[in-house]
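Heads up: the structure comes next, in structure tokens.
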Amino acid sequence: MNQRLPVQGAQGDLLRLVATGEAESRADLARLSGLAASSVSLRVEELIDAGLLAEEGSGTSRGGRRPRLLRLSPGAGVLAVADLGAHHVRLGLLDLSGTPIVVEEQPCEITDGPQRTLDRIADAFDTLLAAHVPGHVPLRGIGTGIPGPVDPATRRVVTPSRMPGWNEFPVAEHLAARYDLPILVENDANLMAAGETRCWPGRKNLMVVKAGTGIGCGVIVNGHLHRGRGAAGDISHVRVRSDSSILCACGHPDCLEAYASGAALMAALTDAGISVTRPADIVTLVNDAVPEATSLVRTAGRRIGEVLTVLVNFFNPDVVAVGGSLSAAEPLLTSIRAAVWERCLPLATRDLEIAPARAGRDAALLGAGTLLLEAALTQP
Ligand SMILES: [Zn+2]
């Protein structure tokens, strides 16, 4: 069953506050929304009547009558989200609070082109829904992470690397033909950043680097994803200093991606006669102390760190979190840290944390849940 959330505006704000766990009583809602208690109560009753909220049990008493607890109704709905990589797709069904109901990973070649890839994802969603969600619980939205730049205005992919056939493909329209629901199409590093920020309470400004087949970065400003015009955080085509010259897929020489991405490292290892098919193989080689792999990863980390040096000085984040399949290679983070500590202003690094990403493999799915709930409460 596909059905849009029947709420928007102030009522949507109240539902979001409960879904995100920020509010668990009518009193919390009144305090956080600034609405009058009577007005909150009226809207909460409507949300309960609509089958979206349930009220039960008793909260912590602050003296006086114990407040009754508000929570999402189990039948409020589910979100279907996917995180597309070069060779695989990670799929999940989440409840409206973003809690995974089921997550699975399937092989999927992005070079098969957008139609086949997106149809395969939609088929997989339908199979998961049939197996894991009772028929009366509606699907409320579809979210997809794309490993390339996405224009937030058109929700199309724009000049991606290593994604033949995807340029300007109308991803949202293609999915909308199958699902008459709010549809989120977002760069994968942005989704990862939105998921990661949930794991850093109290930290408002983050840079979340995704080191996988490509290199991405998502930027969280004052607790919110900063998209800019769509390419905010895209560090892959920053020019790096080099004695040699490598032409990047974008047509310019010496982009960061041409030296430090998983794809670049795999090409260099293959040239050295070492067989690798995915970035995770590089991590295995590093763990097995293969010197060529360790040296390449260390150099990649230093190059990424040098680019981050500029950004850390400029943006002064609280956290630089490093995730993605290549981040499991320990020398990568060590080299990034060394470059940033060495070159950044003391004031910029005084309380800076450069750390492995915390949200784990489902970071992008969790981020998709957060952003998709927002979309479902605002998209007409
Ligand atoms: Zn480039």
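These numbers come from the heavy atoms of this one structure, side chains and all, not from hydrogens, waters or symmetry mates. One-based numbering along the sequence shown. We count ligands from 1, going down the list as the structure has it; atoms in each ligand are counted the same way.
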Distance-only check: which donor-acceptor pairs under 3.5 Å involve side-chain atoms of residues 205-221, not counting sequence neighbours?
residue	atom	partner	partner atom	Å
N205	OD1	N222	N	2.8
K210	NZ	D188	OD2	2.9

side-chain hydrogen bond (donor to acceptor under 3.5 Å, both in side chains) partners of residues 358-370, not counting sequence neighbours, each pair once: R90-D362, E105-R361, R198-T370
Taking 2.8 Å as the strict upper bound, the Zn ion (ligand 1) has protein N, O or S neighbours numbering 4
Using a strict 4.0 Å threshold on nitrogen-to-oxygen distance, state whether R178 and D126 make a salt bridge. yes
Taking only Lys NZ, Arg NE, NH1 and NH2, and the carboxylate oxygens of Asp or Glu, determine whether E56 and R71 approach each other closer than 4.0 Å. yes
Keeping to residues at least two apart or across chains, list the side-chain hydrogen bond (donor to acceptor under 3.5 Å, both in side chains) pairs with something in residues 319-333. E330-T334
Salt-bridged, D254 to R241, with N to O below 4.0 Å? no
